[in-house]
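What follows is a set of notes on a single structure, which appears directly below.
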Amino acid sequence: MSLKIYNTLTRKKEEFKPIQEGRVGIYVCGPTVYGHSHIGHAKSYVSFDVIVRYLRYLGYKVLYVQNITDVGHLTDDADQGEDKIQKQSRIEKLHPMEIAQKFTQSYFEDMDALGVQRPNICPTATGHIIEQIEIVKGLLEKGYAYEVNGSVYFDVSKFPEYGKLSGRSVEELIAGSRIEISPEKKHPADFALWKKAEPNHIMQWDSPWGKGFPGWHIECSAMSTKYLGQPFDIHGGGLENQFPHHECEIAQSEAFAGKPFVKYWIHNNMVTVNGQKMGKSLGNVINLKDAFKKYHPLVVRFFILQSHYRSTLDFSDEALEAAKKGLEKLHNTVKNIRSAMRGASGENVRIDFDGFKKKFLDAMDDDFNTPQAIAILFDLSKEVNSFLTENGATLEELKIANKLFDELGNQILGIIPENLETQSKSNIENELINLILDLRKEIRARKLWELSDKIRDELNKLGIAVEDKKDGVSWRIK
RNA sequence: GGCGCUGUACCCAAGUGGUAAGGGAGAGGUCUGCAAAACCUUUAUUCGGCGGUUCGAAUCCGCCCGGCGCCUCCA
């Protein structure tokens with residue numbers, strides 16, 4: 001089977017064929033850095049992380065670009081209100097660039113914790129003002145835009161294909177529009193390419209139209225095509241950005257360059273919290289830094305991947321607890337395999353590893369069906385464990401199982417760490433634990449169950465799982 | 001009002017024409033002094049409801065009922 005991707009542009013699953021053989025250019029809308037990242041960010045960037053990992057696994061040379069928006073988005077509607085970063089800078093009494101810097105760092109901290117591999121290029125909007133101005137200039141020259149009063153607007157009426165991504169028509173937009181019609185615009189659906197800055201606006205730049213700042217959509221057009229060319233393979237982002245953001249990107253870029261912008265559009269769905277939309281106005285936003293206090297980042301990652309990227313994901317404590325236990329189960333299997341390898345021998349292979357692998361890859365090929373892929377991992381886990389408990393697995397079987405878990409669970413999904421340690425890195429700690437368990441062995445021999453159970457409980461509290469088995473005691477770091 | 005998504009067991013969640021994955025929770029069992037881990041067995045004759053198409057539908061079509069998103073910054 002070959003990779004199929006659901007393309008929002010055509011609304012169906014299409015076979016993936018890169019524009020240039022063996023190479024993939026992908027651009028994903030990055031965060032606006034005016035606050036800490038939340039679980040919505042996690043869903044989006046974990047999903048795209050797996051997409052990129054999988055493309056690489058398939059052998060593509062992937063160039064992954066993700067912007068950092070450090071300017072230009074306004075708090076209210078399309079072309080009014082305050083710059084969000086400037087607003088935050090006022091609240092925190094910091095320079096806007098400090099705000100941007102602070103939350104960029106915070107963003108990467110969280111993503112690193114989630115095991116999200118860094119994009120190859122993370123361009124900032126403020127670092128690409130010149131490129132953005134160039135596009136605005138070009139659009140004016142070609143008659144796709146008009147200048148009013150130091151601001152420049154895109155003229156939607158000049159671009160008949162406007163709406164092709166989101167399936168809307170300009171007429172519909174007017175009919176249901178809640179936007180207050182800006183007196184500067186010729187048409188309510190027109191959008192800002194460049195905005196004139198008032199003197200109190202801190203982030204502003206010189207332009208052919210006077211001092212100002214870029215409109216919201218232009219940075220993505222400028223930075224994606226600068227590094228990936230036009231057209232490029234994949235543009236990703238959140239569903240909520242499909243309209244107007246991505247629609248406007250298409251209009252600008254295709255009008256400017258006179259050729260298609262993107263081949264495949266991928267949109268990931270949203271997070272709800274206890275069944276409700278998560279939003280700033282609802283006050284139910286869950287920051288990652290808070291979530292991580294309760295759940296290990298890998299649990300959050302696993303939880304996200306247990307549902308499909310195009311489905312909404314409902315975040316609840318109950319569901320997270322279940323995910324935690326599920327992931328533990330997989331980790332236990334891998335730990336069991338790794339410790340069993342030390343004492344195993346034999347070269348027989350009775351498990352159909354290729355079958356499991358094929359099923360896993362088939363699931364991934366089907367529009368990155370990670371829940372299905374994870375289910376296969378559980379099936380594999382059960383099979384291997386069953387051999388371990390009943391017949392004993394051969395060394396060769398354990399080696400292959402270990403490699404497969406690494407390849408599928410670690411390399412592709414990023415949910416099984418390479419260094420799943422069953423022992424402490426510190427030798428003295430290991431020796432001490434062994435010593436305690438040695439003493440406990442004597443206590444058990446004397447049938448002092450209360451005391452021996454206490455030792456086990458206390459060690460458990462310290463994060464050391466002690467398991468009494470038929471042929472002795474075993475322990476591991478949890 | 002317009003556009004779109006969605007409704008699968010107690011919870012989470014795959015499955016889009018061939019007879020219901022997986023995880024959690026529950027029940028029983030193996031092992032065990034106990035616990036844990038792991039394994040085995042079990043838990044939806046049924047996929048919001050009602051019609052229709054079909055040899056056959058959770059899957060396609062129609063209507064109805066619920067939930068959600070976008071149309072305003074949001075991943």
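Quick note: numbers below take in every heavy atom, side chains included, and nothing from hydrogens, waters or symmetry partners. The structure displayed is predicted, hence computed values, not measured ones. Naming convention: chains lettered A, B, ... in sequence-line order (proteins, then strands); numbering from 1 in each chain.
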I want to verify a distance call: between [options], whose nearest atom is closest to the [X] side chain?
X      : options             : result
A:V271 : B:G33, B:A75, B:G23 : B:A75
A:F243 : B:G22, B:C70, B:G33 : B:C70
A:D468 : B:G24, B:A21, B:G33 : B:G33
A:H41  : B:A75, B:C73, B:A13 : B:A75
A:E467 : B:A36, B:A21, B:C73 : B:A36
A:A322 : B:G23, B:A14, B:C70 : B:G23
A:M270 : B:C71, B:A75, B:G15 : B:A75
A:E240 : B:C71, B:G24, B:A75 : B:A75
A:F303 : B:C12, B:A14, B:A37 : B:C12
A:D453 : B:G22, B:A75, B:C34 : B:C34

Just N and O in the side chain of [X]: are any of them under 4.0 Å from OP1 or OP2 of [N]?
X      : N     : answer
A:N460 : B:A36 : no
A:N385 : B:C39 : yes
A:K382 : B:C39 : no
A:S37  : B:A75 : no
A:K329 : B:A38 : no
A:N336 : B:A38 : no

- Task: Give one of base, sugar-phosphate or nothing for A:D457, where a contact means two heavy atoms less than 4.0 Å apart.
- Result: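 Result for A:D457 = nothing.
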
- Which part of the nucleic acid does A:G40 contact within heavy-atom distance under 4.0 Å: base, sugar-phosphate only, or nothing? base

Spacing of [X] atom [atom1] relative to [N] atom [atom2], expressed in whole Å:
X      : N     : atom1 : atom2 : answer
A:Y6   : B:U16 : OH    : C1'   : 13 Å
A:N287 : B:A75 : CG    : P     : 12 Å
A:H267 : B:C70 : NE2   : P     : 13 Å

- Query: Is any N or O donor-acceptor pair between the side chain of A:R456 and the base of B:C34 shorter than 3.5 Å?
  - Reply: yes

- Query: A:Y264 and A:Y6: ring-ring contact (aromatic ring centres under 6.0 Å, His included), yes or no, with the steps?
  - Reply: CA-CA 8 Å; A:Y264 302 93; A:Y6 181 87; over 10 Å; no

- Any-strand Watson-Crick or G-U partner of B:G66, both distances under 3.5 Å: B:U6

- Message: Would you say A:N269 and A:T312 are linked by a side-chain donor-acceptor pair, where the criterion is simply a distance under 3.5 Å?
- Response: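 Absent: no donor and acceptor within the cut-off.
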
